[in-house]
Amino acid sequence: MALVLPLLVLVGAAPAAAAAPTLKVTSVTLVAKGAGVRLDVVVTCDEGSSGELRGTITQAAGNRIANGSVPQYRIWTCTGQSQPLSTLIPADVAGAPFHTGEALLLMVAYACPGANCEEARAEQVVRIVR
C-alpha cells in the first residue's frame with residue numbers, strides 16, 4: 001500500500017483542455033448603398049481567452065467582383081458564454097459595391113487562452129440583405 005500513495009500524488013487531475021470556439025453567422029446587412037456590409041455573428045469561447053475575428057466576403061456584381069475584408073481584426077475577451085459581435089466590412093474601392101443577394105463569406109474566429117490558439121471557421125454562402 002505504501003507504493004500506491006506516491007503514485008496517486010504524481011498522477012493528479014489533468015488540466016482541462018481549451019474548448020474549440022464556435023462561430024455562427026446571424027446576418028449580413030448592406031450599408032451605405034453597397035460601400036460595405038455589417039456582419040453579425042455569435043461567438044462562444046472559453047472565459048478569459050482573447051478572441052479575434054478575421055474574414056472576407058466576395059460577391060459577383062455583373063462582370064465585376066465586390067469584395068472586402070475585416071479592416072482591423074475585431075478583438076474581444078471571451079466570457080465563456082455566447083457573445084454577439086458586429087463588424088463592418090468595407091467594399092474594396094478597386095472593385096464593385098456590394099448589393100443584396102448571395103455572397104461567399106470566409107470567417108475565422110480565434111480564441112487564444114495563451115500562446116495556443118483554437119479556431120472556428122465559417123465558409124458559407126450568405127445572403128446580403130438591406
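One-based numbering along the sequence shown.
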- Query: Under the side-chain contact (heavy atoms from CB on, under 4.5 Å) criterion, do V37 and I57 qualify, and how do the steps go?
  - Reply: CA-CA 9 Å; V37 295; I57 187 165; 4.2 Å; yes
- All heavy atoms of R121 vs all of L23, minimum pair found to be C-CD2, 4.3 Å
- Which heavy atom of A96 sits nearest a heavy atom of A91, and at what distance? O-CB, 4.1 Å
- Item | From S49 atom OG to E118 atom CD, the distance as rounded to the nearest 0.5 Å | 9.0 Å
- Query: Any sub-3.5 Å donor-acceptor pair from H99's side-chain atoms to A60's backbone N or O?
  - Reply: yes
- Message: Can you confirm whether I65 sits close enough to Q59 that some side-chain heavy atom of one is under 4.5 Å from a side-chain heavy atom of the other?
- Response: no
- Query: Roughly how far apart are D46 CG and T79 OG1, rounded to 0.5 Å?
  - Reply: 10.0 Å
- Query: Just wondering, more than 12 heavy atoms not from E102 lying within 6.0 Å of its CD?
  - Reply: no
- Message: Quick check for you: to the nearest 0.5 Å, what is the distance between L53 atom CG and I75 atom CD1?
- Response: 10.0 Å
- Message: Looking at P71, is its backbone amide N or carbonyl O close enough to the side chain of S69 to form a donor-acceptor pair, meaning the two atoms are under 3.5 Å apart?
- Response: no
- Message: Nearest 0.5 angstrom please: T58 OG1 to L105 CG, how far?
- Response: 9.0 Å
- Can you check side-chain contact (heavy atoms from CB on, under 4.5 Å) on V129 and L30, steps first, answer last? CA-CA 6 Å; V129 298; L30 193 67; over 6 Å; no
- Is there side-chain contact between R38 and V28, with at least one heavy-atom pair below 4.5 Å? no
- State the CD-CD distance between E47 and Q81, to the nearest 0.5 angstrom. 8.0 Å
- Message: Measuring only between side-chain heavy atoms, which start at C-beta, is V43 closer than 4.5 Å to W76?
- Response: yes
- If only atom types and distance count, is the side chain of R74 paired as donor or acceptor with the main-chain N or O of T87 below 3.5 Å? no
- Message: Could you measure the distance from the OG1 atom of T100 to the CD1 atom of I128? Nearest 0.5 Å is fine.
- Response: 8.0 Å
- Task: Using distance alone, with no hydrogens and no angle criterion, decide if D40 and T26 have a side-chain donor and acceptor under 3.5 Å apart.
- Result: no
- The residue among S50, P21, C112, P113 that forms side chain to side chain contact (heavy atoms under 4.5 Å, CB included) with C45 is P21
